[in-house]
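Counting starts at 1 for both ligands and their atoms, in listed order. In this chain, numbering begins with 1 at the start of the sequence shown.
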Amino acid sequence: MNIHEYQAKELLKAYGVAVPRGGVAYTAEEAETVARELGGPVWVVKSQIHAGGRGAGRFQDNPDGKGGVRVVKSVEEVGRNAAEMLNHVLVTKQTGPAGKEVKRLYVEEGADIKRELYLGLLTDRASGRVTIIASTEGGMEIEEVAHNTPEKIVKVAIDPVTGIQGYHTRRIAFALGLEGKQVGSAAKFIAAAYKAFVELDCAIVEINPLIVTGSGDILALDAKMSFDDNALFRHKDVAALRDEAEEDPAEIEAARHDLNYVKLDGNIGCMVNGAGLAMATMDIIKLYGGEPANFLDVGGGATKERVTAAFKLILSDSNVEGILVNIFGGIMRCDVIAEGVVAAAREVHLHVPLVVRLEGTNVTLGKEILADSGLPIVSADNLADAADKIVAAVVKEAA
Ligand code: GDP
Ligand code: MN
């Protein structure tokens, strides 16, 4: 789960990470009020969307205008810029061409930037450790820095037994070219960010840029936090920060029904039980020349209702031109699946070819239910047969 910049800064601040003062605003009037309370002379008005690259992004209705992060010098200007940004669609490198509508703004006190640095924390799967990534090239995408100038990146893996130590933070501070009192401030900053990462079960904490101000202070000018969904149950306050307007409606619906759904770019919808079988199904669709429209694992103990929900979810994707249901009835019985498929197909007035491959408990009964339904469902006997039939059906449909 991702959260907004202002929410991330609030969480990080509570752990002792230094951030500028600021306040969230949902209207231009609120933005002015926040600005007045902060006091000048410089403010930054920042679009809050779950995507980076806002500074360099442009508003869809004004591609020649200013970006999603604006430095202004009066309360009136805060209001004017807020009005230009709120309820307008911001397109950045990370949003894709459709962009994202700005619904919230963050108004911050302006910072006197001397240097822009990069600091990121994530779990490195190779070492299995929380790893801190730092670079002198702040404000740029770290992927780009890694590609063009990898020597400008320092990585420090933290042993969970010792936790973060002085030598870790000093190594990073020196790599960032910090000196004097900045080394101590950076050490405090990095240790606080690490504590937040571990205690809040984060997947990513990214501060880009981390700045050194004219007076030598270290501040998080931007903050991105992403959380491990599987640990959200123990962070109710973090879970409450979810902004559903920023999420894919299909994935929200899937989560509501305990379905593991990931939308993909192809045209063959897949409904499978078990992640391994779902992967195998996607592979065999590709082997037969097709492209899967999604990954969907309905789980081991799915009910008829869940199957119906899964079916609707697949069909909500307008790219879907055919569906392959591939279920191994172990815990789940084939007749239950068949009933769910039939009920859902009726409910949504199925308009695309459907191939069903069932195997396992009550398979004969399941196949009977499909055959007796009167619906144009194609039965398949094995994985290869199923892939062959759905790919052929989609090609035929397209012709
Ligand atoms: P992003 O583009 O979505 O990553 O948004 P950021 O929060 O990183 O802001 C983009 C850029 O705006 C930063 O890299 C800074 O160069 C600039 N910026 C942000 N806040 C301030 C500020 O307080 N003062 C000045 N002068 N520039 C700022
Ligand atoms: Mn940034």
With sequence neighbours excluded, tell me which residues meet side-chain contact (heavy atoms from CB on, under 4.5 Å) with Asp388. Tyr288
Show your working on salt bridge (Lys or Arg N to Asp or Glu O under 4.0 Å) between Arg242 and Glu244 and close with a plain yes or no. CA-CA 6 Å; Arg242 171 165 248 138; Glu244 290 202 340; 5.0 Å; no
Distance dump, ligand 1 polar atoms to protein, N/O, under 3.5 Å:
{"residue": "ligand 1", "atom": "2 (O)", "partner": "Arg54", "partner atom": "N", "Å": "3.1"}
{"residue": "ligand 1", "atom": "2 (O)", "partner": "Gly55", "partner atom": "N", "Å": "2.8"}
{"residue": "ligand 1", "atom": "3 (O)", "partner": "Gly53", "partner atom": "N", "Å": "3.2"}
{"residue": "ligand 1", "atom": "3 (O)", "partner": "Arg54", "partner atom": "N", "Å": "2.8"}
{"residue": "ligand 1", "atom": "3 (O)", "partner": "Arg54", "partner atom": "NE", "Å": "2.6"}
{"residue": "ligand 1", "atom": "3 (O)", "partner": "Arg54", "partner atom": "NH2", "Å": "3.4"}
{"residue": "ligand 1", "atom": "4 (O)", "partner": "Asp222", "partner atom": "OD2", "Å": "3.1"}
{"residue": "ligand 1", "atom": "5 (O)", "partner": "Arg54", "partner atom": "NH2", "Å": "3.1"}
{"residue": "ligand 1", "atom": "7 (O)", "partner": "Lys46", "partner atom": "NZ", "Å": "2.5"}
{"residue": "ligand 1", "atom": "7 (O)", "partner": "Arg54", "partner atom": "NH2", "Å": "3.3"}
{"residue": "ligand 1", "atom": "7 (O)", "partner": "Asp222", "partner atom": "OD2", "Å": "3.4"}
{"residue": "ligand 1", "atom": "8 (O)", "partner": "Asn208", "partner atom": "O", "Å": "3.2"}
{"residue": "ligand 1", "atom": "8 (O)", "partner": "Asp222", "partner atom": "OD2", "Å": "3.1"}
{"residue": "ligand 1", "atom": "14 (O)", "partner": "Glu116", "partner atom": "OE1", "Å": "3.0"}
{"residue": "ligand 1", "atom": "16 (O)", "partner": "Glu116", "partner atom": "OE2", "Å": "2.8"}
{"residue": "ligand 1", "atom": "23 (O)", "partner": "Ala111", "partner atom": "N", "Å": "2.8"}
{"residue": "ligand 1", "atom": "24 (N)", "partner": "Ala111", "partner atom": "O", "Å": "3.3"}

Determine, for Glu84 against Lys66, whether the closest basic-nitrogen to carboxylate-oxygen distance falls under 4.0 angstrom. no
List, one per line, each side-chain donor-acceptor pair under 3.5 Å for residues 156-166, sequence neighbours excluded.
{"residue": "Asp159", "atom": "OD1", "partner": "Val161", "partner atom": "N", "Å": "2.8"}
{"residue": "Thr162", "atom": "OG1", "partner": "Asp159", "partner atom": "O", "Å": "3.3"}
{"residue": "Gln165", "atom": "NE2", "partner": "Thr162", "partner atom": "O", "Å": "2.8"}

Could you please tell me which protein N, O or S atoms lie under 2.8 Å from the Mn ion (ligand 2)? Asn208 O, Asp222 OD2
Tell me whether Lys263 is salt-bridged to Glu251, with the criterion being a basic N under 4.0 Å from an acidic carboxylate O. no
Checking side chain to side chain donor-acceptor pair (under 3.5 Å) against Tyr6, which of Glu108, Arg104, Gln48, Lys46 comes through? Arg104
Would you call Glu5 and Lys224 a salt bridge, taking side-chain N to carboxylate O under 4.0 Å as the test? no
For Phe227 and Cys202, which heavy atoms make the closest approach, and how far apart are they? CE2-SG, 3.7 Å
Which of Thr92, Asp222, Thr95 passes side chain to side chain donor-acceptor pair (under 3.5 Å) with Arg54? It is Asp222
